Amino acid sequence: MDIQEKYDFQRIENKWQQRWEETKPYKTHHNDTRDKYYVLEMFPYPSGRIHMGHVRNYSIGDVIARYKRLQGMNVLHPMGWDAFGLPAENAAMKHGVHPASWTYDNIDYMRNQLKAMGLSYDWDRELATCNPKYYKWEQLVFLKMLEKGLIYRKETTVNWCDDCQTVLAREQVIDGACWRCDQPVFPKTMHGWFFKITDYADELLDDLDKLTGWPEKVVTMQRNWIGKSTGLACDFQIDGMDDSITIFTTRPDTIHGVTFMSLAVEHPLVSKLIAGGKHEQEVNAFIETTILEKQRSSVDHEPEKKGVFTGQYCINPFTGDKVPIYVANFVLMEYGTGAVMAVPAHDQRDFEFARNYSLPIRVVVQPDNKELDPDTMEEASTEPGVLVSSGKFDGIDSERAKQQIIAHAQEHGFGKPHITYRLRDWGISRQRYWGAPIPIIHCEDCGIVPVPENELPVVLPGTGDTNGNHAPLHQQEDFYTTTCPKCGKPAKRETDTMDTFVESSWYFIRYTDPRFTEGPVEPQAAKYWLSVDQYIGGVEHAILHLLYSRFFTKVLRDLGYVSVDEPFTNLLTQGMVIKDGSKMSKSKGNVVDPNELIDQFGADTVRLFSLFAAPPERDLDWNPQGVEGASRFLNRVYRLVVQQQQCFNEENSVKVDELDETSKQLFRKTHQTIARVTDSIEANFHFNTAISGIMELVNLLNASLNDAKKLHNGVIRETLETVLILLFPMVPHFCEELWEQTGHPHTLDHARWPVYNKEVAKEEELTIVVQINGKVRAKLQVPAEISDAELEQQALANERTRSFLGERIPKKVIVVKKKLVNIVG
RNA sequence: GCGAAAGUGGCGGAACUGGUAGACGCACUAGACUUAGGAUCUAGCGAGCUUUGCUUGUGGGGGUUCGACUCCCCCCUUUCGCACCA
């Protein structure tokens, strides 16, 4: 045996990457007899090159994949590309390249980068969402959803980003700006396609309880996003008109305290209410300025509550009171019914509005801790209490009154229980080129006609050659001119493309058999592999991507394609990679390029450091000197193996009883380390503590070699082999190379994760802390099997204890088994 | 404003269900080897002090306990999410 003296990471990494390319050890087969494990990292958008966030994400995923393989599981670990999207079009405009060739070039480049990291993907399952072979099935699912009534088209006011020239879903508007380009978003009225995600609102909400493997934070965010509220929908007749205003309230118990009515400026009844009245001009002017204000309002502060009287009144069905109808700037048309019954005594917004316009305040819920006086109240009281001034409901507890009032309204036919969600249907129409075409034909006679299934895919035109037309589809006459599949008359194709979040909502399902040609999902493969056991990605997708994916999984289940309710059993949201205290960004000039790092230190070192520097869920502060530390550690292990290679020559079984003390200690530490590393990974993927444990073992091996004249060869061997296996998921090239160089006939891919020997790991002696009044005063070395009484006696007999105690007589002695003795005196 | 999470050496971070605070790594200091070293090895490394040792110390203040980074109450700071949701 002759190991190369120096750790030549370049040679080693090239060698193993090439070998993995040839032998495909990570190719996965469906195998019902084995336990499966599906680990997935969020697939990247092919933006050009990978960044440190990817490095971290994929390093974490790769450790898990390799660890589970060592444990004997059949691991699915695929990779692909979220390949549709705006940057491709922007690049096309900027550099004059076709979005398709820009995207595919980037994919090629990034695939090489990922391969240079030594990630154990089954590359035969690679997919790109911009490939017609992928989006063909998405189009099919679209048609099935349409058939099932889960898709509709309507004209609405949408969020329009002028910069991106497209519509955005509400979730994609962040602080009034586009999530992608950060430009302000404007309302615009147009037709668009919608997925009825609200049909699944209840299930999406209820099933959150099943997601015990998700961070609580993400579950809460989704719960709030869905925003379920239960209450009463109630009609208020307009005085002197046939129409009535329907309101929604979660506080039906306060309905006797209504002193006015507030409508959103966009409420459809407003124009009718004011038509011909003396308030018409004033109201219209108010509406106009409010709409303008809404558009440019900064989000930091709520504007003052403002409104204007319409001149009309409506009637409270409970009291018969006439209350004035206002148009108010704080009422949202998008939520509830766009009309709010105003109870200033018990709602802060109504209270402020009432004070501004000197409207009456009427207390109807009396909390038990304080007396409410409408004239002196400084804020609304939202606490529960007992109903007052509420007719026959007086004296009833407010919680119970809610039910009784709803029942009363229902009995008399002017109201009913109602549930409202914050969640809205998902608008998926985009007016851009680089996306999956929506498979619909518009016919003047037949209306909306689905493209027949056998004509799928509707291929995005112009992708055939690099000079192809990549104008938005509504500008491509050759594309949209067609004939109606029903009547054969000239017709027009739908020119909207789908939101790219649609592709990423089901790619993890397609991975189970990405080459299946008979449908979107191969049933047996899906049944075997789903759900994803471990999903890993940034918390920035806590709502959008994860909610859409959950929705799609349920839809595909109801369409009969899959049998699971939830896509991701366990979710790990990794922290950001930051440098010098802030997120890496070009403008800050603190970007670290993974390529340079890998060239300089090797992929294994970069992987090791990104795992060591922080636990996965926390932000990782990138420290260039820390990387050197990781490199140093690998070099030290390499040197140790080179120095100690003789121990691999002979078969040396270890008999614990015959070992010298140093060898025995090292052997014990080896088994303790196995336990510790396994626990760190199993508990919460805290690789940082796993690595530090391995470092401690290596440190002890070094120290033992220095101390002892002759360390037992079998122990050295077992220690080094343990180190190599434990490190393998993190630094695979490095470990494979040393494993091979030390004469092992099979690669580590075929190895098994070690199991620690409890007997060996057990300490023979313990260090017991002796405290006097809670302060550490002495330490005792005692045999592990010592009794509590014996321990107490030894502690009291200890010389240092005695000198500290002096004349005092201990009042109490507390003995904590195998840990400490505290003497209270 | 509401909600959640987090505050531990010069830095990244450890500490299991309340039981030796600071594992491991980085940086730093001293020494060894060396023509040299950003290589390697050895030792030290929270602060203070009257330095075989003592005192103090986990954002601040209080409390529970024999004992608190850990549990309870109040406050401060940071980060994230939501933001007129009726």
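Small disclaimer: the values here were computed from a predicted structure and weren't measured.
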Quick check for you: to the nearest 0.5 Å, what is the distance between A:Leu205 atom CG and A:Ile226 atom CD1?
5.0 Å

Roughly how far apart, to the nearest Å, are B:U29 and B:U79 at atom C1'?
36 Å

For B:G9, does the O4'-C1'-N9-C4 (purine) or O4'-C1'-N1-C2 (pyrimidine) torsion place it in syn, i.e. within 90° of 0, or in anti?
syn

Over how many whole Å does the gap from A:Tyr421 atom OH to B:C82 atom C1' extend?
20 Å

From the list B:C84, B:U40, B:C54, which nucleotide is the closest neighbour of the side chain of A:Arg800?
B:C54

Would you say A:Glu352 and A:Gln348 are linked by a side-chain donor-acceptor pair, where the criterion is simply a distance under 3.5 Å?
yes

Categorize A:Ser229 for me: base, sugar-phosphate, or nothing, with a 4.0 angstrom heavy-atom threshold over every strand shown.
sugar-phosphate

Nearest-neighbour nucleotide for the A:Lys779 side chain, B:U20, B:A86, B:G25 considered:
B:U20

Sorted by position of nearest nucleotide on RNA chain B, 5' first, the leading residue of A:Phe609 and A:Ala339 is A:Phe609

What is the distance from atom CG of A:Leu269 to atom SG of A:Cys314, rounded to the nearest 0.5 Å?
10.5 Å

With rounding to whole Å, what would you report as the distance between B:G9 and B:A23 at their C1' atoms?
14 Å

So A:Lys811, base contact, sugar-phosphate only, or nothing? Heavy-atom distance under 4.0 Å.
nothing

If we ignore angles and hydrogens, is there a donor and acceptor under 3.5 Å between the side chains of A:Gln574 and A:Arg618?
no

Please determine whether a side-chain nitrogen or oxygen atom of A:Lys775 lies at a distance below 4.0 Å from atom OP1 or OP2 of B:C66.
no

Working to the nearest 0.5 angstrom, can you tell me the gap between A:Gln793 CD and A:Asn798 CG?
12.5 Å

How far, in whole Å, is B:A6 from B:C66 if one measures between their P atoms?
28 Å

How far apart are the closest heavy atoms of A:Ile247 and A:Phe236, and which atoms are they?
CG1-CE1, 3.7 Å

Under 4.0 Å between any heavy atoms, over every strand shown, what does A:Val824 touch: base, sugar-phosphate, or nothing? Just pick one.
sugar-phosphate

Aromatic rings A:Tyr335 and A:Phe248: how do their planes relate, parallel, tilted or perpendicular, breaks at 30° and 60°?
perpendicular

Rounded to the nearest 0.5 Å, how far does CG of A:Leu700 lie from OG1 of A:Thr662?
9.0 Å

The nucleotide from B:C82, B:C24, B:A39 with an atom nearest the side chain of A:Met695 is B:C24

Integer angstrom distance from the C1' of B:G12 to that of B:A27
11 Å

Nearest whole angstrom, please: distance from the C1' of B:U42 to the CG of A:Asn706.
9 Å

A:Glu352 has an atom CD; how far is it from atom P of B:G1, in whole Å?
14 Å

Over all strands shown, is A:Arg777 touching base, sugar-phosphate only, or nothing at heavy-atom distances under 4.0 angstrom?
sugar-phosphate

Under a 4.0 Å heavy-atom criterion, the protein footprint on nucleotides 10-18 of chain B, written with B, S and -, is --BSS-B--

Quantified in whole Å, what is the C1' atom distance between nucleotide B:G48 and nucleotide B:G31?
27 Å

Base, sugar-phosphate, or nothing: which does A:Glu216 touch, judged by heavy atoms less than 4.0 Å apart?
nothing

Record whether the side chain of A:Lys217 comes under 3.5 Å of the base of B:C80 through a donor-acceptor pair of N or O atoms.
no

So, is A:Asn699 near the phosphate of B:G25, with a side-chain N or O under 4.0 Å from OP1 or OP2?
yes

What's the closest nucleotide to the side chain of A:Val331 if the choices are B:G67, B:C24, B:A86?
B:A86

Check every strand shown and say whether A:Val343 touches a base, only sugar-phosphate, or nothing at a heavy-atom separation below 4.0 Å.
nothing

B:A14 and B:G7: how far apart are their P atoms, nearest whole angstrom?
9 Å

Side chain of A:Gln625 (C-beta onward), nearest among B:G25, B:G19, B:A27:
B:A27

Verify, without hydrogens or angle tests, whether A:Thr259 (side chain) and A:Pro360 (backbone) share a donor-acceptor contact under 3.5 angstrom.
yes

N/O (side chain, A:Arg632) to phosphate O (OP1/OP2, B:A27) under 4.0 Å:
yes

Please compare A:Asn702 and A:Val539 by the position of their nearest nucleotide in RNA chain B and report the one closer to 5'.
A:Asn702

With under 30° as parallel and over 60° as perpendicular, where do the rings of A:Tyr326 and A:Tyr357 fit, or are they tilted in between?
tilted

Heavy atoms of A:Ile823 and A:Pro810 approach each other most closely as CG2-CB, 3.7 Å

Gap between atoms CZ and P, on A:Phe633 and B:G25 respectively (whole Å):
9 Å

Find the runs of at least 3 consecutive base pairs, i with j, i+1 with j-1 and so on, that include RNA chain B, using Watson-Crick or G-U wobble geometry with both distances under 3.5 Å.
B:1-7 with B:76-82, B:10-12 with B:24-26, B:28-32 with B:40-44, B:46-49 with B:53-56, B:59-63 with B:71-75

From C-beta outward on A:Tyr335, which listed nucleotide comes closest to its side chain: B:A86, B:G81, B:G19?
B:A86

OP1 or OP2 of B:C85 less than 4.0 angstrom from a side-chain nitrogen or oxygen of A:Arg349, does that happen here?
yes

Measuring only the C1' atom in each nucleotide, how far is B:U20 from B:U70? A whole number of Å is fine.
15 Å

Do the side chains of A:Val365 and A:Thr254 get nearer than 4.5 Å, heavy atoms only?
yes

Between B:C28 and B:U34, how many Å separate the two C1' atoms, rounded to a whole number?
23 Å

Using a cut-off of 4.0 Å on non-hydrogen atoms, how would the nucleic acid contact of A:Phe804 be classed: base, sugar-phosphate, or nothing?
sugar-phosphate

If you look at every strand shown and take non-hydrogen atoms under 4.0 Å, does A:Gly227 touch a base, only sugar-phosphate, or nothing?
nothing

